[in-house]
Number of protein chains: 2
Amino acid sequence: MVLSRTSQYAVQALIYIATQPAGEPVLNRDIAERLNVPAAYLAKILQSLCKQGLLDSFRGRLGGFCLRDGMQKTSLMQVLLLTEGPDFTKSCILGLKECSDHSACPMHFKWVPVKKKIIAMLQEMNLEELAKAVRTGKYRLADLPAAALPA
Amino acid sequence: MVLSRTSQYAVQALIYIATQPAGEPVLNRDIAERLNVPAAYLAKILQSLCKQGLLDSFRGRLGGFCLRDGMQKTSLMQVLLLTEGPDFTKSCILGLKECSDHSACPMHFKWVPVKKKIIAMLQEMNLEELAKAVRTGKYRLADLPAAALPA
DNA sequence: TATAATTCGGACAAAAAACTCTTTAGGAGT
DNA sequence: ACTCCTAAAGAGTTTTTTGTCCGAATTATA
Ligand code: FES
Ligand code: FES
């Protein structure tokens, strides 16, 4: 309803990394397995997040990815601006090029307040808090494996 | 941020048809030109909306598409359930297969209230009202043509 | 120094979404 | 009956997104 698969993988991975001890690199393979997403594809996404400054990467033995220092409090909004592009929040719901009060589609004045709520929500959630929530065990980052479902 | 291009075209076209005199078929060609959208592609979308019961179509001279009788008050939610599929509102923002209180991702309890707002908004907007808004001339369905932009 | 483990980078492949072309069939006017 | 105008249908193309593969570079450790 809102996010590309790439963004979903990125967010899941970042939260997962944030749940792990800071400073200890996490293996791409482990993240992919844990989240049940394609490892090679996830690697690309993580590499891109490195280039964009959210992650640090280390090659060779004891290598892996970890959150760059000071990025614990990165908001989901910041992440999505990287993965969805800088116009993420700027678009008209009907797809018009410009979305502004003086150039409005018929849904504009209903949509804008809702959009503001979405943006506020994305800005107030950060990786550290989400990771903390996951560590309580009450929330999950990936689907239940089929094996765990009732027969 | 929320809708596929197909859905955007569908909604734009339906609103445009609703602005036209009821019972008089509107040409696909005219809709496409007015919305500045690929005609052949739009035709497919309209055909699909016919099959799904929102529109009536007529071939030959004086042919075209018009809203099926009684569909003037169709809500955007109903339209999007057709164009985006019946799971449109059911998805988890992180992409998990199940989105429910007892199987929640870490964003679930923040996301669900916002999602409810989106759904409420989509349910309360219907084609007739949107068309009326467009007829006032204050709102638009398509981008300003490049020719109309300041040089 | 050799080895194993890891990311990096680029090319490639598959799938989905967006869009086009061409032919057929149906309906209105003459 | 004929012609013109329209949507219907289906195959095909292009573009974007998602996903794979492989070889090279980098690093810890034995
Ligand atoms: S112009 Fe369409 S949402 Fe603002
Ligand atoms: S489980 Fe993720 S939004 Fe409900």
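Each chain gets a letter, A, B and so on, in the order the sequences are listed, and its residues count up from 1. On a predicted model such as this, the values are computed, not experimentally measured, just so you know.
- Between L55(A) atom CG and dC8(C) atom C1' there is a gap of 15 Å when expressed in whole angstrom units.
- You'll find that the side chain of R61(A) is closest to dA28(D), out of dA28(D), dA28(C), dT7(C).
- With rounding to whole Å, L49(B) atom CG is found 15 Å from dA8(D) atom C1'.
- Atom P of nucleotide dG27(C) and atom CG of D56(B) are separated by 13 Å, given to the nearest angstrom.
- Closest to the side chain of N28(B), from the set dA28(D), dA7(D), dT6(D), is dA7(D).
- Under 4.0 angstrom from either OP1 or OP2 of dT6(C) there lies no side-chain N or O belonging to S57(A).
- Nucleic acid contact class of L46(A) (heavy atoms, under 4.0 Å, all strands): none.
- Between the CD1 atom of I31(B) and the P atom of dT6(D) there is a distance of 13 Å, given to the nearest Å.
- Rounded to a whole Å, the CZ atom of F58(A) is 13 Å from the C1' atom of dT26(D).
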Hey, what are the protein-to-nucleotides 11-14 of chain D N/O distances that come in under 3.5 Å?
none

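- Computed from coordinates, the Q47(B) CD to dA8(D) C1' distance equals 5 Å when rounded to whole Å.
- Distance from the side chain of R5(B) is smallest for dC19(C) among the nucleotides dA28(C), dC19(C), dT6(C).
- Among the nucleotides dC19(C), dA28(C), dT7(C), the one closest to any side-chain atom of F65(A) is dT7(C).
- The S4(A) side chain lies nearest to dT18(D) when the options are dT7(C), dT18(D), dG29(C).
- The nearest whole Å value for the distance from the OH atom in Y41(B) to the C1' atom in dG10(D) is 16 Å.
- At the phosphate of dC19(C), OP1 or OP2 sits under 4.0 Å from a side-chain N or O atom of Y9(B).
- The side chain of A40(B) lies closest to dT20(C) when the candidates are dA7(D), dC5(D), dT20(C).
- Between the P atom of dT17(D) and the CG atom of L42(A) lies a distance of 18 Å, rounded to the nearest Å.
- For R59(A), taking side-chain heavy atoms from C-beta onward, the closest of the listed nucleotides dT7(C), dC19(C), dT18(D) is dT7(C).
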